[in-house]
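Each remark here refers to the structure printed beneath this line.
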Amino acid sequence: MTSTEDRKTPLYEAHKGLNAKIVSFHGWLLPIQYTSIIEEHNATRTKAGLFDISHLGKLEVSGKSSKEFLQKIFTNNIEKALPGGIVYSPLCNDNGGTLDDAFIYNAGKDRYILIVNASTFEKDLAWIRSHKTEGVDIKDINDSLGGIAIQGPASQQILSHFCKAYIDQLKHRHFVETEVYGSYALLSRSGYTGEDGFEMFIPAGKCIKVWNDILASGKGYGLIPAGLGSRDTLRLEAGCPLYGVDTDESKTPLESGLERTLDLSKDFIGKKAILERKAKGIKEVLVGFKMLDKAIPRTGYAIEKGGKSAGIVTSGTYSPTLKENIGFAYVAPEDSKTGGTFDVIVHGEKKKAVVVETPFYRRAKN
C-alpha cells in the first residue's frame, strides 16, 4: 500500500510511464516490477537490467580531519580505499549494534562520499553529525542526486555509448567522477546483484533523460527496467545481507557474518562492546541455507532442530537462477556448520533445510 506521505524519486514519472507496479519502500514510491520479477531477474543475469537507486542515502564528508573522523565512526579501515576506491563498512553504536552498513567512496583531497540505506538515512545523518569533530564538514547531498544502476553482462557495452570515462578500465569497487550523457556522474563499478555492473549518481533533474536514453539504446542488448522484486532475488542469490532484514541494531557484525569488516587494530565506536561480546561467545550467527524439501522460506519463519526452537529465517526466496529455494537465517553457532540440517516451519509443517556456503550464485568471470 502506498501513502501520500511517501517520497517520489526523480524517476517516478518514468516508472509510471512504463506501467510499473509501484509500492511504498521505506518512505519512497518505487517500482517493485514492470513485467515480472523472474523476467527482470533473468534479464539482469543474462543481459542487463536498469534499476532506480535514487532512494539510497547520500552524504559528503570532507575536511582535513575527515579520514580520522571516518576511521573513528566506521568499523572497517578507511585506508583500504585509495582515491578512486570504495570500502564497505558497518556503522555501529556504542553497544556494537549495527546502525547501518555503508559504502565509502574516497574522492581524494580529504573528501568522501557515503552511500547508505534509504531506511536509515536520517538516523545515520544525526548519528554522524553528533560525533562531528573539528576539521570535518558534513553535507547532506541526498536530494541533489538521483541514482541509476545498470547491472548485467551487457552493462559495460551499453553504458560505453554514454560515458566519457574509459569504463572498461574501471575496476570493481572503484569509481570516477565523470560525465554520463553530458551530466555530472559519480560512476562506480559496483552493485548488489552479483553481476558486473555500474551505479551512477547524477543530478536529480537529469535522471529521466539519462534513464530513457539508456533504456532506449540498451534495448538492442536486451536491457529492460527492473524493480525491487528482482533486486531482492538477485542480491539474495549473490549472498548479500540486507540491512533491516538480515541485520539491525540488535546484531553486531559478529553475528551478521561481517567480522571481516572489523579492523581491530584501530579504535572505533562500538569496538569495546564487540570485543566483550566476542570474548563471551556469540549466541547466534547468520547462515545461508537451501531447502531440501519443497517449500519457499519467508522472513520470520521459525527454525527447529530436534523439535526445539533453533532460530529464525530473515530472508528467503525461490532462486530463479538456481531453481532452488534459498535463504538466510540466524541459528546457534553449533548449528551453523556447512552441511548441517534443520527444519523450517512452513505453515505449521516441518520442511528440511541444509546450511550451505554463500554466495549461492557466483558469476563466471572472463
Would you say Leu186 and Phe198 are hydrophobically clustered, going by side-chain heavy atoms of ILVMFWY under 4.5 Å? no
Does the side chain of Glu195 reach to within under 4.5 Å of the side chain of Pro153, using non-hydrogen atoms? yes
Closest approach of Tyr34 to Gly227 (non-hydrogen atoms, all atoms of both residues): CE1-N, 3.8 Å
Any donor-acceptor N/O pair, Ser65 side chain to Glu68 backbone, under 3.5 Å: no
Do side-chain atoms of Asn95 reach the backbone of Gly97 as a donor and acceptor pair under 3.5 angstrom? no
Side chain to side chain, Phe328 and Leu242, heavy atoms closer than 4.5 Å: no
Got Thr252 and Cys92 here, is their nearest side-chain heavy-atom distance under 4.5 Å? no
Roughly how far, to the nearest 0.5 Å, is OG of Ser217 from CG of Asn212? 12.5 Å
Name the residue from Gln156, Gln169, Glu199 that meets the side chain to side chain contact (heavy atoms under 4.5 Å, CB included) definition with Arg189. Gln156
CD1 of Ile326 to OG of Ser319: how many Å apart, nearest 0.5 Å? 4.5 Å
In short, ring-ring contact (aromatic ring centres under 6.0 Å, His included) pairs touching residues 75-94 with sequence neighbours left out are Tyr88-Phe103
Is it the case that the side chains of Thr44 and Gln151 hold a donor-acceptor pair, with the cut-off being a distance below 3.5 Å and no angle test? no
Would a distance-only check, ignoring hydrogens and angles, find a side-chain to backbone donor-acceptor pair under 3.5 Å from Lys58 to Leu56? yes
Cation-pi check, Lys351 onto Tyr301 ring (under 6.0 Å, within 45° of axis): no
With no hydrogens and no angle check, is any side-chain donor or acceptor of Arg235 less than 3.5 Å from a backbone partner on Tyr192? no
Taking all heavy atoms of Ile141 and all of Ser144, pick out the closest pair and write down the distance. O-OG, 3.0 Å
Output for pair (Phe162 CZ, Glu179 CD), nearest 0.5 Å, gives 14.5 Å
SG (Cys207) and CZ (Phe201) are apart, to the nearest 0.5 Å, by 10.0 Å
Would you call Glu177 and Arg111 a salt bridge, using N to O less than 4.0 angstrom? yes
Apply the test salt bridge (Lys or Arg N to Asp or Glu O under 4.0 Å) to residues Asp110 and Lys67: give CA-CA distance (whole Å), side-chain angles for both, the deciding distance (0.1 Å), then the verdict. CA-CA 7 Å; Asp110 298 323; Lys67 184 175 75 175; over 6 Å; no
Pick from Asn76, Asn117, Thr75, Thr261: which one makes a side-chain hydrogen bond (donor to acceptor under 3.5 Å, both in side chains) with Asp101? Asn117
Is the side chain of Asn106 donor-acceptor paired with the backbone N or O of Ala81 at a distance under 3.5 Å, no angle test? yes
Is the shortest side-chain N to carboxylate O distance from Lys209 to Asp213 below 4.0 Å? yes
For Lys206, does the NZ atom sit with more than 12 other heavy atoms under 6.0 Å from it, leaving out its own atoms? no
Beyond-backbone contact of Leu11 with Ile148, side-chain heavy atoms, under 4.5 angstrom: yes
Please examine the side chains of Leu286 and Leu258, heavy atoms only from C-beta on, and report whether any two atoms are closer than 4.5 Å. no
Report the C-alpha separation of Tyr361 and Arg45 in whole Å, then their side-chain angles, then the decisive distance to 0.1 Å, and conclude whether the side-chain contact (heavy atoms from CB on, under 4.5 Å) test is met. CA-CA 10 Å; Tyr361 162 84; Arg45 283 273 178 262; 3.4 Å; yes
How are the rings of Phe25 and His55 set relative to one another: parallel (under 30°), tilted (30 to 60°) or perpendicular (over 60°)? perpendicular
Are Asp140 and Arg129 close enough for a salt bridge, meaning some N to O gap below 4.0 Å? no
Kindly indicate, with the supporting measurements, whether the criterion side-chain contact (heavy atoms from CB on, under 4.5 Å) is fulfilled by His15 and Trp211. CA-CA 10 Å; His15 302 321; Trp211 170 277; 4.0 Å; yes
Looking only at side chains, do Thr120 and Asp124 share a donor and an acceptor under 3.5 Å apart? yes
Quick check: is Phe121 connected to Leu114 through a chain of hydrophobic side chains (ILVMFWY, heavy atoms under 4.5 Å apart)? yes
Would you please say whether a donor-acceptor pair under 3.5 Å links the side chains of Asp246 and Thr314? yes
Separation between CD1 of Ile282 and NZ of Lys251, rounded to the nearest 0.5 Å: 11.0 Å
Close side-chain approach of Leu125 and Ile138, heavy atoms under 4.5 Å: yes
Interatomic distance, CD@Glu259 vs CG@Leu262, rounded to 0.5 Å, equals 6.0 Å
Keeping the roles fixed (side chain from Lys308, backbone from Lys305), state whether a donor-acceptor pair exists under 3.5 Å. no
Kindly assign one of parallel, tilted or perpendicular to the pair Phe289 and Phe342, based on the angle between their ring planes and the thresholds 30° and 60°. perpendicular
Going by atom types alone, do Tyr181 and His161 pair a side-chain donor with an acceptor below 3.5 Å? no
Do you know which of Val344, Thr299, Val331 makes side chain to side chain contact (heavy atoms under 4.5 Å, CB included) with Val313? Val344
Is it true that Asp343 and Lys352 have a side-chain N and a carboxylate O under 4.0 angstrom from each other? yes
In the structure I gave you, are the side-chain heavy atoms of Phe360 and Thr321 within less than 4.5 Å of one another anywhere? no
Trp127 reachable from Phe74 in the ILVMFWY side-chain graph, under 4.5 Å edges: yes
Do Tyr112 and Leu70 have side chains that approach each other closer than 4.5 Å (heavy atoms only, starting at C-beta)? yes
Residue pair Val287 / Ser336: nearest heavy atoms and the distance that separates them: CG1-CB, 3.5 Å
Are Thr233 and His41 close enough that a side-chain donor and a side-chain acceptor fall under 3.5 Å? yes
What's the verdict on side-chain contact (heavy atoms from CB on, under 4.5 Å) for Phe51 and Leu234, showing C-alpha distance, side-chain angles and the deciding distance? CA-CA 12 Å; Phe51 299 83; Leu234 289 159; 3.8 Å; yes
Same apolar cluster (I L V M F W Y, side chains within < 4.5 Å links), Val285/Leu275: yes
Ion pair Lys123/Glu249, N-O distance below 4.0 Å: yes
If you apply the rule side-chain contact (heavy atoms from CB on, under 4.5 Å), what do you find for Arg231 with Ile53, and how did you get there? CA-CA 10 Å; Arg231 189 168 171 81; Ile53 57 170; 3.8 Å; yes
Residues at least two apart in sequence or cross-chain that pass side chain to side chain donor-acceptor pair (under 3.5 Å) with Asn325, listed by chain then number, are none
Under a 3.5 Å threshold, yes or no: a donor from one side chain and an acceptor from the other, between Ser250 and Asp248? yes
